[in-house]
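Working notes, structure below.
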Protein chains: 2
Amino acid sequence: MTVSIKEAWKTLTELDDILLLTHRLPDGDAVGSLFALCRVLRSMGKRVTYEIDEIPRNLRVAAFPQKEALIPRSVVTVDVGDKKLLGDEAAKRWGDRVDLSIDHHATHVSFAKQTLVDPRSAAAAELLFDLFSQNGVITDPETAAWLYVGIATDTGCFRYANTTAKTLGTAAALVEAGADNGALNEGLFETKTRAYAAFEAHAMQSLSYYLNGRCAVMVITQALYRQTGICENEIKEINALPRQIEGVLAGITLKEKETGGWRVSVRTRAPLNAASICAKFDGGGHVRAAGCELPGTAEEAIEKLVAAVKAETDTPTAQGK
Amino acid sequence: MTVSIKEAWKTLTELDDILLLTHRLPDGDAVGSLFALCRVLRSMGKRVTYEIDEIPRNLRVAAFPQKEALIPRSVVTVDVGDKKLLGDEAAKRWGDRVDLSIDHHATHVSFAKQTLVDPRSAAAAELLFDLFSQNGVITDPETAAWLYVGIATDTGCFRYANTTAKTLGTAAALVEAGADNGALNEGLFETKTRAYAAFEAHAMQSLSYYLNGRCAVMVITQALYRQTGICENEIKEINALPRQIEGVLAGITLKEKETGGWRVSVRTRAPLNAASICAKFDGGGHVRAAGCELPGTAEEAIEKLVAAVKAETDTPTAQGK
């Protein structure tokens, strides 16, 4: 059941012994939203704990709330567009027991008893800010920092087209509330290890072009991870590179999985719809940024993806226009 | 004479047949501030023209106001921290005839009859927004776009520590007023030519480290420009790279001039003061981003710069703390 901000807040006030979950391979919005919600719920006197995968190094920019030993009586998810994104184990254990899901994906597949979803929010953290501020929560500096992390990372630090006037206004309010944006950005965006700089130079050299330069593909192999000492959860930013090349409408990044096959990121420019390209391979996401998985060799995966991009170029879907 | 926003506005209302100038090698704030001011003054019924160097390709994201044939009776500068930054010819011709200088550099060297300077503004365009909004100017979408260009480029799209809550709030107001931030950012930040991508990969490979990794230096030669077909006014963004490496407090970029010698960019992290490092070589700028010029070979220039960074590391100046 889809609920309003008011109804979601009522639900949150009624829950206790809460387990918070987010998606596997957590990004800045997953981490920031989870920790901000954890802090606010505890400030309301509730017992709250959480489960999360390893947190990428660049996201360790503020203190993590402590986990709490408790037997969950309720489950809340943030930034989870589909219960399968919880990961196999958590999906099996908790997927059908979620009381409230707070999310901002247009492709959200309902799985919780109650769903608060707003695709106009650039980040789940932006929606959480609305939820808090409309219900009289005064944001402390640390909660503001975590909400800022969510919004800044999901918008490429306010670069991407999902950044609205409201997004910028929310960021202004968070900085006003004590988020140290300069220091946070330095950790989130302005710090690369020497190893990462070398990794990026190599990855850029793997760029190849298709469809008269409208499609650019970058391939990241397990061998490159080994050669540079970089691992997958350190390289979210790399997904932005192929689309940055002039004339490219679809920028694709293939990352080889440890078990073989590829995790695929698709970033598009108007009028192409990344979510509908990825939907052809059972993936999903946003209009300009989506993901899916493909088996086989890099060449096979590229052939399928380029064909899907070509079909989308020929007849862009309504949402992408 | 330093003037208030109110006094500066009174002066602007009294001037006519206005020549607008900005600094040579114009960046986004120079271009955006110049064009926004031009549009607003014309909307007040004034005759206005401008002089500007070639505008970098990534800044051609909105319509340029037409130049007007007029004999200037008054001169206004924007984003010019020192009259020598007008370039030799313009400095000689107009440097002592400037009625009003609107600027945001902490190192501003007074040269105009009246100076409106606010170093808390992240960009001259942010100060112009205050000037306009406090005097009842309703910002049209195109003026909003040019002010957005100024603010977004001078803050690295809201990444740098000069971005305040007020900066973000101003950006929100500009998007509300019709600046299409998604499209503007794509032009300003998200578009690289294939040639630029190759240039960047080469430049990254030139990185060398000094002072136990606290200082990183990138060297860009005329030969690299020739090899990749890239020219200097296309590569402002490159200055940000050396400081991005973990542990680096001073990131330095040396760009070889056509006539020999080096144009130097210094970017720092707290507590180092980039402006005072550059001041040792007759340069200037902001606390975290400044510039200067040095003669000789790359090795000689690096030796002097590293010594200056070392001195600053040992005794950081008050402003940099």
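Below, read A as the first sequence line, B as the second, and so on, with proteins coming before strands; counting in each chain starts at 1.
Across A:Gly182, A:Gly213, A:Ala165, the residue that shares the most heavy-atom pairs under 4.5 angstrom with chain B is A:Ala165. For chain A, the option among B:Tyr196, B:Phe158, B:Tyr209 with the highest count of heavy-atom pairs below 4.5 Å is B:Tyr209. Each of A:Met204, A:Glu186, A:Arg243, A:Glu176 has some count of heavy-atom pairs under 4.5 Å with chain B, and the biggest count is that of A:Glu186. The candidate with the highest count of non-hydrogen atom pairs below 4.5 Å against chain B, out of A:His202, A:Arg194, A:Lys166, is A:Arg194. When A:Leu174, A:Asn185, A:Val248, A:Thr164 are compared by the number of non-hydrogen pairs under 4.5 Å with chain B, A:Asn185 comes out ahead. With respect to chain A, the highest number of heavy-atom pairs below 4.5 Å among B:Thr155, B:Asn162, B:Asn181 belongs to B:Asn181. In terms of heavy-atom pairs under 4.5 angstrom with chain A, the leader among B:Gly156, B:Ala152, B:Cys157 is B:Cys157.
Pairing each heavy atom of B:Gly169 with each of A:Ala172, the nearest pair is N-CB, 3.7 Å. Between A:Ile245 and B:Ala197, the closest heavy-atom pair is CD1-CB, 3.7 Å.
Of the atoms belonging to A:Leu188, not a single heavy atom falls under 4.5 Å from chain B.
How far CZ of B:Arg159 is from CZ of A:Arg159: 5.0 Å, rounded to the nearest 0.5 Å.
Ion pairing of A:Glu246 with B:Arg57 is present here, as a side-chain N (NZ or NE/NH1/NH2) and a carboxylate O approach within less than 4.0 Å.
Atom CZ of A:Arg60 is surrounded by more than 12 heavy atoms from other residues, nucleotides or ligands within 6.0 Å.
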